[in-house]
*Asks:* 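Before I ask anything, let me first share the structure, which is written out below as structure tokens.
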Amino acid sequence: MSPARLLVTGGSGHLGGEVVRRADGAGWEVTGTSYRTPGPARVDVRDAGAVEALFADAAPDCVIHTAYLQDGPDAWATNVDGSANVAAAAAARGARLIHVSTDLVFDGRAGRPYTETDEPNPLLEYGRSKAAAETAVAERHPNAAMVRTSLIYGGEGLSGHERRILDVVDGRADLAFFIDELRCPVHVADLADALLALAGTAYAGPLHLAGADGVSRYEMACLVATANGRETAHLRTTTSAGIVPERPRDCRLDCSRAAALLGVRLPGIREILGN
Ligand SMILES: NC(=O)c1ccc[n+]([C@@H]2O[C@H](COP(=O)([O-])OP(=O)(O)OC[C@H]3O[C@@H](n4cnc5c(N)ncnc54)[C@H](OP(=O)(O)O)[C@@H]3O)[C@@H](O)[C@H]2O)c1
């Protein structure tokens, strides 16, 4: 039997690259795309015709859509129109779609971890674009799974979050870390494996997939610094009180639905990096 074909958008990125590597090892026939990075499958997801051509070429049975931009003038179109184009192409082919979203679709005011039944109410432009992307994807591909995750770290090389923390501890940057902003950081390998496990199910709709520990930005910085052999004494703390626009403070995710569905609990950052 020939292996199932998997298309990973954003295959040149941190999460997408890890998904490509792990899917390869798990027997999928994988196409990973890039945009600015040179490679065999470059595509701009904002270009509907280019996305259709990509799908005709890769003929995927399943798509894991990770491509996005965090900010900048192209972010809204990349995140919303790009996701809509990928969802429409996947639906037209009858391909399974796993769309990667974020905990920042929530406002962080609930004071408890968010479940899949909570309503998005993003406070920041990035979260607004990802919430709009979820809506656009659901309209075009009602059977898509919408995975909301949190700060991604680890894997081959360092994530942007880890690089920033080490820049601060090594004196290349000056930044204080929030003690009142809680997230559930997730190791990129654990997330990639969970996405591939989800690909083998028919689950549709939002699903929360993040690490088990809710930690502040400051605690994450201390864990990353220590794990990389640095001192934490000089890390400065701050709070997000008074910052305009308001930042989402507590975006911890309740991942019990994913744990029941996939039979996995993604380890927390304290377990992975702590002593
Ligand atoms: N990073 C986090 O902590 C975090 C937290 C929560 C959710 N997420 C979600 O996780 C997903 C992956 O994040 P990541 O950190 O792995 O991303 P990343 O490393 O920044 O990679 C982004 C990818 O998107 C591609 N891309 C950018 N613009 C594109 C366009 N117009 N057309 C096609 N591809 C384009 C990039 O290609 P080139 O580099 O080749 O240009 C790259 O492969 C995103 O959906 C994000 O919302 C991330």
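Numbers here are sequence positions counted from 1. Read the numbers this way: they start at 1 and go in the same order the structure lists the ligands and their atoms.
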*Asks:* Among all protein heavy atoms in this structure, tell me which lies nearest to atom 10 (O) of ligand 1, with the distance rounded to 0.1 Å.
*Replies:*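 Protein heavy atom at minimum distance: Val100 CG1, 3.4 Å.
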
*Asks:* Tell me the protein heavy atom at minimum distance from atom 11 (C) of ligand 1, and give that distance in Å.
*Replies:*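 Ranking protein heavy atoms by distance from atom 11 (C) of ligand 1, first comes Thr66 O, 3.4 Å.
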
*Asks:* Would you call Ile272 and Tyr153 a side-chain contact if the rule is heavy atoms closer than 4.5 Å?
*Replies:*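 Yes; the side chains approach each other to less than 4.5 Å.
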
*Asks:* Once you round to the nearest 0.5 Å, how far does OG1 of Thr238 lie from CG of Leu175?
*Replies:*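 Rounded to the nearest 0.5 Å, the OG1-CG separation comes to 9.5 Å.
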
*Asks:* Please confirm whether Tyr153 comes under 4.0 Å of ligand 1, counting heavy atoms of the residue only.
*Replies:*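 The answer is no, since Tyr153 has no heavy atom less than 4.0 Å from ligand 1.
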
*Asks:* Do you know which of Leu104, Thr102, Val80 makes side chain to side chain contact (heavy atoms under 4.5 Å, CB included) with Lys130?
*Replies:*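 Answer to the side chain to side chain contact (heavy atoms under 4.5 Å, CB included) test with Lys130 among Leu104, Thr102, Val80: Thr102.
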
*Asks:* Against Arg183, only a single residue in Asp103, Asp250, Asp213 fulfils side-chain hydrogen bond (donor to acceptor under 3.5 Å, both in side chains); can you say which?
*Replies:*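 Output: one option passes, namely Asp103.
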
*Asks:* Looking at Gly13, which atoms of ligand 1 are within less than 4.0 Å of one of its heavy atoms?
*Replies:*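 Listed by number with element: 19 (O), 21 (O), 42 (C), 43 (O).
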
*Asks:* Compare every heavy atom of Leu166 with every heavy atom of Leu158, then report the nearest pair and how far apart it is.
*Replies:*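 Looking at all heavy atoms of both residues, the shortest contact is CD1-CD1, 3.5 Å.
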
*Asks:* Could you tell me whether Leu15 and ligand 1 have an N or O pair separated by under 3.5 Å?
*Replies:*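 Indeed, backbone or side chain, Leu15 has an N or O that close.
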
*Asks:* Would Leu262 and Tyr203 satisfy side chain to side chain contact (heavy atoms under 4.5 Å, CB included), going step by step from the backbone distance to the final call?
*Replies:* CA-CA 10 Å; Leu262 303 175; Tyr203 182 87; over 6 Å; no

*Asks:* Hey, which atoms in ligand 1 end up nearer than 4.0 Å to a heavy atom of Leu151?
*Replies:*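 Near Leu151, meaning under 4.0 Å from one of its heavy atoms, ligand 1 has 3 (O).
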
*Asks:* Short N/O distance, under 3.5 Å, between Ser12 and ligand 1?
*Replies:*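 Such a contact does occur with ligand 1.
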
*Asks:* On a heavy-atom basis, which atom in His99 and which in Ser83 lie closest, and how many Å separate them?
*Replies:*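 The pair with the smallest heavy-atom distance is CE1-OG, 3.4 Å.
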
*Asks:* Side-chain contact test, heavy atoms from C-beta onward, threshold under 4.5 Å: evaluate it for Arg96 versus Thr201 and give yes or no.
*Replies:*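 In contact.
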
*Asks:* At under 4.0 Å between heavy atoms, which part of His65 makes contact with ligand 1: side chain, backbone, both or neither?
*Replies:*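 Answer for His65: neither.
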
*Asks:* Just going by heavy-atom distances, which of Gly17, Gly72, Ala67 is nearest to atom 25 (C) of ligand 1?
*Replies:*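 Ranked by closest heavy atom to atom 25 (C) of ligand 1, first place is Ala67.
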
*Asks:* Would you call Glu246 and Asp107 a side-chain contact if the rule is heavy atoms closer than 4.5 Å?
*Replies:*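 A side-chain contact under 4.5 Å is absent here.
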
*Asks:* I want to check something: taking the side chain as every heavy atom from C-beta on, are Leu151 and Arg217 in contact at a cut-off of under 4.5 Å?
*Replies:*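 Counting from C-beta outward, Leu151 and Arg217 do come under 4.5 Å.
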
*Asks:* For Val45 and ligand 1, does the shortest N/O to N/O distance drop below 3.5 Å?
*Replies:*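 Min N/O separation from ligand 1 is below 3.5 Å for Val45.
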
*Asks:* What are the two closest non-hydrogen atoms of Val51 and Val43, and how far apart are they?
*Replies:*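 That closest heavy-atom pairing would be N-CG2, 4.2 Å.
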
*Asks:* Under 4.0 Å, heavy-atom basis, I'd like to know which part of His161 is in contact with ligand 1: side chain, backbone, both or neither.
*Replies:*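 The side chain, only.
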
*Asks:* Please verify whether a non-hydrogen atom of Ser101 lies at under 4.0 Å from ligand 1.
*Replies:*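 Yes, Ser101 has heavy atoms under 4.0 Å from ligand 1.
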
*Asks:* N/O of Tyr68 under 3.5 Å from N/O of ligand 1, yes or no?
*Replies:*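 Right, the criterion is met.
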
*Asks:* How far apart are the closest heavy atoms of Leu235 and Ala225, and which atoms are they?
*Replies:*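 Heavy-atom minimum between the residues: CD1-CB, 4.4 Å.
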
*Asks:* Under 3.5 Å between any N/O of Thr33 and any N/O of ligand 1: does that happen in this structure?
*Replies:*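 No.
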
*Asks:* Should you measure from each heavy atom of Ser34, which atoms of ligand 1 turn up under 4.0 Å away?
*Replies:*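 Numbered from 1, ligand 1 contributes 40 (O).
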
*Asks:* Just distances here: any N/O of Arg183 and N/O of ligand 1 closer than 3.5 Å?
*Replies:*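 N/O-N/O distance below 3.5 Å does not exist for this pair.
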
*Asks:* Can you confirm whether Leu195 sits close enough to Leu15 that some side-chain heavy atom of one is under 4.5 Å from a side-chain heavy atom of the other?
*Replies:*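 In contact.
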
*Asks:* Locate the shortest heavy-atom distance separating Arg265 from Ala212; write the atom from each residue and the value.
*Replies:*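 Taking Arg265 first and Ala212 second, the nearest heavy atoms are NH2-CB, 3.4 Å.
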
*Asks:* Identify, for atom 45 (O) of ligand 1, the protein heavy atom at the shortest distance, and state residue, atom and that distance.
*Replies:*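 That would be Lys130 NZ, 2.8 Å.
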
*Asks:* At a 4.0 Å threshold, what atoms of ligand 1 neighbour a non-hydrogen atom of Asp44?
*Replies:*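 Contacts of ligand 1 toward Asp44, numbered from 1: 30 (C), 31 (N), 32 (N).
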
*Asks:* What protein heavy atom lies closest to atom 4 (C) of ligand 1? Include the residue and the distance to one decimal.
*Replies:*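 Its nearest protein heavy-atom neighbour is Ile152 CD1, 3.7 Å.
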
*Asks:* Identify which one of Asp24, Leu196, Ile98 satisfies the side chain to side chain contact (heavy atoms under 4.5 Å, CB included) criterion when paired with Leu6.
*Replies:*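 Running side chain to side chain contact (heavy atoms under 4.5 Å, CB included) over Asp24, Leu196, Ile98 with Leu6 returns exactly one hit, Leu196.
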
*Asks:* Which heavy atom of the protein is the closest neighbour of atom 33 (C) of ligand 1, given with residue, atom name and distance?
*Replies:*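 Ranking protein heavy atoms by distance from atom 33 (C) of ligand 1, first comes Val43 O, 3.1 Å.
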
*Asks:* Of the side chain and backbone of Thr78, name the one, both, or neither that has a heavy atom under 4.0 Å from an atom of ligand 1.
*Replies:*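 Just the side chain.
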
*Asks:* Can an N or O of Thr37 be found at a distance shorter than 3.5 Å from an N or O of ligand 1?
*Replies:*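 Checking ligand 1 against Thr37, an N or O pair does fall under 3.5 Å apart.
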
*Asks:* Is ligand 1 less than 4.0 angstrom away from at least one heavy atom of Ser150?
*Replies:*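 Yes, Ser150 has heavy atoms under 4.0 Å from ligand 1.
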
*Asks:* Which protein non-hydrogen atom lies closest to atom 23 (C) of ligand 1, naming both residue and atom, and how far is it?
*Replies:*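 Atom 23 (C) of ligand 1 sits closest to the protein heavy atom Gly10 CA, 3.8 Å.
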
*Asks:* Could you check atom 35 (C) of ligand 1 against the protein and tell me its nearest heavy-atom contact, residue, atom and distance included?
*Replies:*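 Looking only at protein heavy atoms, the one closest to atom 35 (C) of ligand 1 is Tyr35 CB, 3.5 Å.
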
*Asks:* Give me the nearest non-hydrogen protein atom to atom 19 (O) of ligand 1 as residue plus atom name, then the distance to 0.1 Å.
*Replies:*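 Scanning the protein heavy atoms, the shortest distance from atom 19 (O) of ligand 1 goes to His14 N, 2.8 Å.
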
